[in-house]
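So the structure is just underneath, and the comments pick up after that.
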Amino acid sequence: MDATRSYPDAAAISALLLAWYDRHRRVLPWRALPGETADPYRVWLSEVMLQQTTVAAVRPRFAAWVARWPDFASLAAAEEAEVMAAWAGLGYYARARNLVAAAKAVVADHGGVFPQDEAVLRTLPGLGAYTAAAVAAIAFGRRAVVVDANVERVVARLFAIRQPLPQARVAIRAAADTITPDARAGDFAQAMMDLGSAICTPKKPSCLLCPLAAECRARHEGSPDALPVKAAKKAKPQRHGTIFWLERDGAVLLVTRPGKGLLGGMRALPTGPWSDAPPGLADAPVTADWQMRNATVAHGFTHFDIELALAVAGGQAHQAAEGEWWPIAELDRAGLPTLFAKAAAAIMRKDG
DNA sequence: AATACGTGGCC
DNA sequence: TGGCCAAGTAT
């Protein structure tokens, strides 16, 4: 390249990237086709579903969701338990609670019309800095600095920002601001994310296919795959617990977990305390002839791993238990988080 | 600022 | 196969 020219060059980047996007943009169910107007509800819903969640996982869930709750009004009127069950398996369940709360706020506080202003969007539950900016840009064409993990990676490489994350976020955001155009802000944001997803990947980026290669400082300096630098991960603690499977007349006892915290608001199998050592039969939901199974269920959360023992009882009369008796044949429809779906599957396999 | 908060796919 | 990673938010 011309050594006398400075790079990365903001105007060149947005023009090159938008031209690339016009040729290579992904077709996604929530994304407007060229010339179409985006549906703000669908944009918002997709952005929330996509928080820390892959396109492949979201795709079928998005279709089912919009078939059931096609707009803010229907979602605002939905039964919370049904919403939580519909979210089961997607993780980060506060997102589902916040979807309902935000839909109610749109109806109650904004006349049923989704606000277009980034700062107002930011006040809705579940819309943080990223999502408010993404919705403002993608749904409403507002200029907004949209920074997700893809943009962080692309920008860290374009500008060769070597400070480690998360401290680099300030510099990355400032750099992203300099390359965000006034026009086609939504396309620019989606283009950055498509580029990060398909070309400027975390490992083995395809620089030979990258429309921004000539503008990329990390590329010129030799090792774009080394950026962004990330802080070392902490070790995950190992915890232990017991899941209690109580059967009666072809039904199993389910509880609803407290509204906040881990798996908050979700249907679940009863568990005892989760601790550093196997707790055995402590805190069983009722007094019964509990039998410990040999197998255990292992599950990894973001910040700890857990191994759960399985205790089974049934077949005799016992005291009233708190919860719902759920037909085992319909357990698929209970909306159990993956951890409990795994445990139920293990128990019903009989090897559990 | 640091931590809590899920899950599935990929290599 | 186990670590890494994903269109983050709330507190």
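Computed from a prediction, not measured in an experiment: that's the story for all the values here. We use all heavy atoms of the structure for the numbers below, so side chains are in, but hydrogens, waters and symmetry mates are not. Order of the sequence lines fixes the chain letters, A, B, ..., with proteins taken first and strands second; residue numbering starts at 1 for each chain.
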request  = By nearest nucleotide on DNA chain C, pick out whichever of Lys260(A) and Arg26(A) is the more 5' one.
outcome  =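 Here Arg26(A) is the residue nearer the 5' end.
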request  = To the nearest 0.5 angstrom, please state how far the CE atom of Met266(A) sits from the CZ atom of Arg257(A).
outcome  =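 Between atom CE of Met266(A) and atom CZ of Arg257(A) there are 10.0 Å.
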remark   = Here DNA chain C, pairs taken as Watson-Crick or G-U under 3.5 Å and shown with ( ), [ ] when crossing and | when to another strand, reads .|||||.||||
Once you apply a heavy-atom cut-off of 4.0 Å, does [X] come out as touching a base, just sugar-phosphate, or nothing?
{"X": "Gly300(A)", "answer": "base"}
{"X": "Leu263(A)", "answer": "sugar-phosphate"}
{"X": "Trp30(A)", "answer": "base"}
{"X": "Lys234(A)", "answer": "sugar-phosphate"}
{"X": "Ala189(A)", "answer": "nothing"}
{"X": "Arg31(A)", "answer": "base"}

All N/O donor-acceptor pairs, side-chain side in residues 102-114 of chain A, below 3.5 Å, sequence neighbours left out:
| residue | atom | partner | partner atom | Å |
| --- | --- | --- | --- | --- |
| Lys104(A) | NZ | Ala76(A) | O | 3.2 |

key: Residues in contact with DNA chain C, drawn from residues 165-183 of chain A - heavy-atom cutoff 4.0 Å   = none
task = Tell me which residues in residues 131-154 of chain A put a heavy atom below 4.0 Å from DNA chain C, sorted by number, or none.
result = Thr131(A), Asp148(A), Ala149(A), Asn150(A), Arg153(A)
inquiry  = Test: side chain to side chain donor-acceptor pair (under 3.5 Å). Region: residues 120-135 of chain A. Which pairs qualify, not counting sequence neighbours?
reply    =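 Found Glu47(A)-Tyr130(A), Gln51(A)-Thr131(A).
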Starting from [atom2] on [N], measure out to [atom1] on [X] and report it in whole angstrom.
{"X": "Tyr92(A)", "N": "dG8(B)", "atom1": "OH", "atom2": "C1'", "result": "12 Å"}
{"X": "Leu99(A)", "N": "dT9(C)", "atom1": "CG", "atom2": "C1'", "result": "12 Å"}
{"X": "Leu28(A)", "N": "dA7(C)", "atom1": "CG", "atom2": "P", "result": "12 Å"}
{"X": "Arg61(A)", "N": "dG9(B)", "atom1": "CZ", "atom2": "P", "result": "12 Å"}
{"X": "Arg95(A)", "N": "dA7(C)", "atom1": "CZ", "atom2": "C1'", "result": "10 Å"}
{"X": "Glu307(A)", "N": "dG2(C)", "atom1": "CD", "atom2": "P", "result": "13 Å"}
{"X": "Lys342(A)", "N": "dG8(B)", "atom1": "NZ", "atom2": "C1'", "result": "10 Å"}
{"X": "Leu262(A)", "N": "dT9(C)", "atom1": "CG", "atom2": "P", "result": "20 Å"}

task = For a side-chain contact (heavy atoms from CB on, under 4.5 Å) with Phe244(A), tell me which candidate from Leu281(A), Val252(A), Thr271(A), Val286(A) qualifies.
result =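 Per the side-chain contact (heavy atoms from CB on, under 4.5 Å) rule, the option paired with Phe244(A) is Leu281(A), out of Leu281(A), Val252(A), Thr271(A), Val286(A).
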inquiry  = Between dG8(B) and Thr54(A), counting only base atoms on the nucleotide and side-chain atoms on the residue, is there a donor-acceptor pair under 3.5 Å?
reply    = no
query = Does any N or O donor sit under 3.5 Å from an N or O acceptor when you compare the side chain of Arg59(A) with the base of dA7(C)?
reply = no
ask   = Do other residues, nucleotides or ligands put more than 12 heavy atoms under 6.0 Å from Glu322(A) CD?
value =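 Atom CD in Glu322(A) is not crowded, with 12 or fewer foreign heavy atoms closer than 6.0 Å.
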ask   = Does atom CD of Glu79(A) have more than 12 heavy-atom neighbours from other groups under 6.0 Å away?
value = no
ask   = Name the one of Trp69(A), Trp44(A), Trp30(A) that satisfies ring pair (Phe, Tyr, Trp, His ring centres under 6.0 Å) with Phe62(A)?
value =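 The ring pair (Phe, Tyr, Trp, His ring centres under 6.0 Å) with Phe62(A) is passed solely by Trp30(A) among Trp69(A), Trp44(A), Trp30(A).
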query = What nucleotide, of dC5(C), dA7(C), dT7(B), holds the atom closest to the side chain of Phe301(A)?
reply =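 Closest of the options to the side chain of Phe301(A): dT7(B).
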query = Of the nucleotides dA10(C), dC5(C), dT7(B), which one has an atom closest to the side chain of Pro202(A)?
reply = dC5(C)
query = With ILVMFWY side chains joined below 4.5 Å, transitively, what does Leu227(A)'s cluster contain besides itself?
reply =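 Listed partners: Val229(A).
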Considering just the side-chain nitrogens and oxygens of [X], establish if one lies under 4.0 Å of OP1 or OP2 belonging to [N].
{"X": "His303(A)", "N": "dA4(B)", "result": "no"}
{"X": "Tyr93(A)", "N": "dT7(B)", "result": "yes"}
{"X": "His299(A)", "N": "dG6(B)", "result": "no"}
{"X": "Thr338(A)", "N": "dG8(B)", "result": "yes"}
{"X": "Lys230(A)", "N": "dA6(C)", "result": "yes"}
{"X": "Gln52(A)", "N": "dG8(C)", "result": "yes"}

query = Do the ring planes of Phe301(A) and Phe304(A) sit parallel (below 30°), tilted (30 to 60°) or perpendicular (above 60°)?
reply =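 Rings of Phe301(A) and Phe304(A): tilted, 30 to 60°.
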ask   = When you compare dA1(B) with dT9(C), how far apart are their C1' atoms, in angstrom units rounded to a whole number?
value =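 So the two C1' atoms sit 15 Å from each other.
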Nearest-angstrom distance, P atom, dA7(C) to dC11(B) =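 Those two atoms are separated by 15 Å.
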task = Could you walk me through whether Glu80(A) and Arg97(A) pass the salt bridge (Lys or Arg N to Asp or Glu O under 4.0 Å) test, one step at a time?
result = CA-CA 8 Å; Glu80(A) 178 133 334; Arg97(A) 281 198 304 281; 5.4 Å; no
Say whether [X] and [Y], considering side chains only, have a donor N or O and an acceptor N or O under 3.5 Å apart.
{"X": "Arg61(A)", "Y": "Thr53(A)", "value": "no"}
{"X": "Asp71(A)", "Y": "Ser74(A)", "value": "yes"}
{"X": "Arg153(A)", "Y": "Asn150(A)", "value": "yes"}

message = Whether Arg143(A) and Asp177(A) form a salt bridge (side-chain N of Lys/Arg under 4.0 Å from carboxylate O of Asp/Glu) is what I want to check.
response =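 Looking at Arg143(A) together with Asp177(A), the answer is yes, because their closest N to O distance falls below 4.0 Å.
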message = Reading DNA chain B from 5' onward, which residue's closest nucleotide shows up sooner: Leu90(A) or Lys204(A)?
response = Leu90(A)
